[in-house]
Amino acid sequence: MSEKHIRIVPMTVDHLDELERLERICFSRPWSKRMLGEELDNACAAFLVAEDAETGTVLGYAGLLAMMDEGYITNVAVFPEYRRCGIAAKIIEVFMNFARANKLAFLTLEVRPSNAAAIALYQSFGFEEVGRRRNYYDLPKEDALILTRYFNEETDA
């Protein structure tokens, strides 16, 4: 899967079944179809889906909640067979551009310390560890690293 074959589109009701399936594959506490659908009506939410540009196959997705000048990245998930193809990076890049265009002060997210691939991806976008939430995850029990990317008008223009 080359990057040119990846299309990033807003999440729609047509994506919900596949995203619910992806959630069950990727997370120990997956969001339900209903929970995902509720984000369609959330004016503060931007959920993006990565699709195969030729077939429309759902490859992955991520969500962003923006309030005031703060951005919170919720779930980032890619089907296992499409990982390491630049899909998550492409979505994060869209979120970074959104943050700059909307003059957000920062983007932040939580990640398992054991998820080295995700941590490396976020660090490549300038995210830094700013804290830890003890026992945030379960199944298995694990802390969450809080990673944040701060924006500065002079350096991010």
Side-chain angles (χ1 to χ4, degrees), residues 1 3 6 8-52 57-99 102 104-151:
M1 171 78 39
E3 201 171 302
I6 302 166
I8 306 298
V9 299
M11 180 177 73
T12 69
V13 70
D14 294 334
H15 295 119
L16 297 181
D17 287 333
E18 275 299 283
L19 296 182
E20 181 181 45
R21 186 169 78 82
L22 177 57
E23 281 279 322
R24 287 195 310 270
I25 291 169
C26 295
F27 301 113
S28 60
R29 296 242 179 241
W31 286 24
S32 68
K33 180 178 177 179
R34 179 188 56 77
M35 293 166 71
L36 289 161
E38 286 172 355
E39 296 303 329
L40 293 171
D41 297 322
N42 182 349
C44 296
F47 277 67
L48 300 177
V49 176
E51 297 178 334
D52 181 304
T57 300
V58 172
L59 309 172
Y61 93 106
L64 173 69
L65 300 176
M67 292 159 276
M68 307 292 283
D69 65 345
E70 303 174 355
Y72 298 88
I73 296 174
T74 60
N75 295 347
V76 177
V78 175
F79 280 105
E81 61 269 31
Y82 300 114
R83 291 182 185 157
R84 300 204 182 276
C85 295
I87 294 164
K90 196 160 183 166
I91 296 172
I92 298 299
E93 186 177 332
V94 172
F95 288 162
M96 295 287 288
N97 291 337
F98 174 89
N102 289 279
L104 297 186
F106 63 83
L107 288 176
T108 193
L109 55 86
E110 288 96 6
V111 63
R112 287 180 182 268
S114 61
N115 192 343
I119 292 168
L121 170 68
Y122 302 134
Q123 288 175 335
S124 75
F125 282 98
F127 283 78
E128 298 177 352
E129 183 179 340
V130 298
R132 183 179 285 254
R133 296 189 199 286
R134 298 276 175 220
N135 299 315
Y136 183 78
Y137 295 107
D138 54 350
L139 305 172
K141 185 65 82 181
E142 193 170 1
D143 291 350
L145 298 181
I146 303 167
L147 302 183
T148 301
R149 169 58 156 86
Y150 293 96
F151 294 91

Hey, is Glu18 close enough to Arg21 for a salt bridge, meaning N to O under 4.0 Å? yes
If only side-chain N and O atoms count, and only distance matters, is there a donor-acceptor pair under 3.5 Å linking Tyr72 with Glu110? no
Side-chain heavy atoms of Leu48 within contact of Val9, under 4.5 Å: no
Value rounded to 0.5 Å, distance of CZ in Arg112 from CG in Asp143: 10.5 Å
For residues Glu23 and Trp31, report the shortest heavy-atom separation together with the two atoms involved. OE1-N, 2.7 Å
Rounded distance [0.5 Å steps], OH in Tyr122 versus CD1 in Ile92: 5.0 Å
Full working for side-chain contact (heavy atoms from CB on, under 4.5 Å) between Val58 and Phe79: CA-CA 8 Å; Val58 172; Phe79 280 105; 4.1 Å; yes
With a 4.5 Å limit on heavy-atom distance, are the side chains of Phe47 and Asn75 in contact? no
Distance check, rounded to the nearest 0.5 Å: Ile25 atom CD1 versus Glu20 atom CD? 11.0 Å
Mind listing the closest non-hydrogen atom pair of Val111 and Ala118 along with its distance? CG2-CB, 3.9 Å
Greater than 12 external heavy atoms within 6.0 Å of Met68's CE: no
With a 4.5 Å cut-off on side-chain heavy atoms, are Val94 and Leu64 touching? no
So Tyr82 and Thr57, do their side chains get closer than 4.5 Å, heavy atoms only? yes
With side-chain contact (heavy atoms from CB on, under 4.5 Å) as the test, would you mind laying out the steps for Phe151 and Leu107 before giving the verdict? CA-CA 8 Å; Phe151 294 91; Leu107 288 176; 3.8 Å; yes
State, yes or no, whether a side-chain contact exists between Val76 and Leu109 at a heavy-atom distance under 4.5 Å. no
To the closest 0.5 Å, what do you measure between CG (Leu59) and CD1 (Ile87)? 4.5 Å
Check whether any side-chain heavy atom of Phe106 sits under 4.5 Å from a side-chain heavy atom of Val130, and report yes or no. no
Please step through side-chain contact (heavy atoms from CB on, under 4.5 Å) for the pair Phe125 and Met96, ending with a clear verdict. CA-CA 8 Å; Phe125 282 98; Met96 295 287 288; 3.9 Å; yes
Between Leu104 and Phe98, is there a side-chain heavy-atom distance shorter than 4.5 Å? yes
Ignoring hydrogens, what is the shortest heavy-atom contact between Ile6 and Cys85? Give both atom names and the distance. CD1-O, 3.9 Å
Counting heavy atoms not belonging to Glu70, are there more than 12 under 6.0 Å from its CD? yes
What's the shortest heavy-atom distance between Leu40 and Val13, and which atoms? CD1-N, 3.8 Å
Do Leu16 and Arg34 come close enough that some side-chain heavy atom pair is under 4.5 Å? no
Does the Ser28 side chain pair with the main chain of Pro140, one donor and one acceptor, at a distance under 3.5 Å? no
Can you name the nearest heavy-atom pair linking Pro113 to Ile119, along with the distance? O-CD1, 3.6 Å
Applying side-chain contact (heavy atoms from CB on, under 4.5 Å), run through Val78 and Arg84 and close with a yes or a no. CA-CA 9 Å; Val78 175; Arg84 300 204 182 276; over 6 Å; no
Roughly how far, to the nearest 0.5 Å, is the CG atom of Asn102 from the CG atom of Asp69? 11.0 Å
To the nearest 0.5 Å, tell me how far Arg132 CZ sits from Glu142 CD. 8.5 Å
Nearest heavy atoms of His15 and Pro10, plus distance in Å: CE1-O, 3.5 Å
Would you check if the side chain of Lys90 reaches a backbone N or O of Ala50 as a donor-acceptor pair within less than 3.5 Å? no
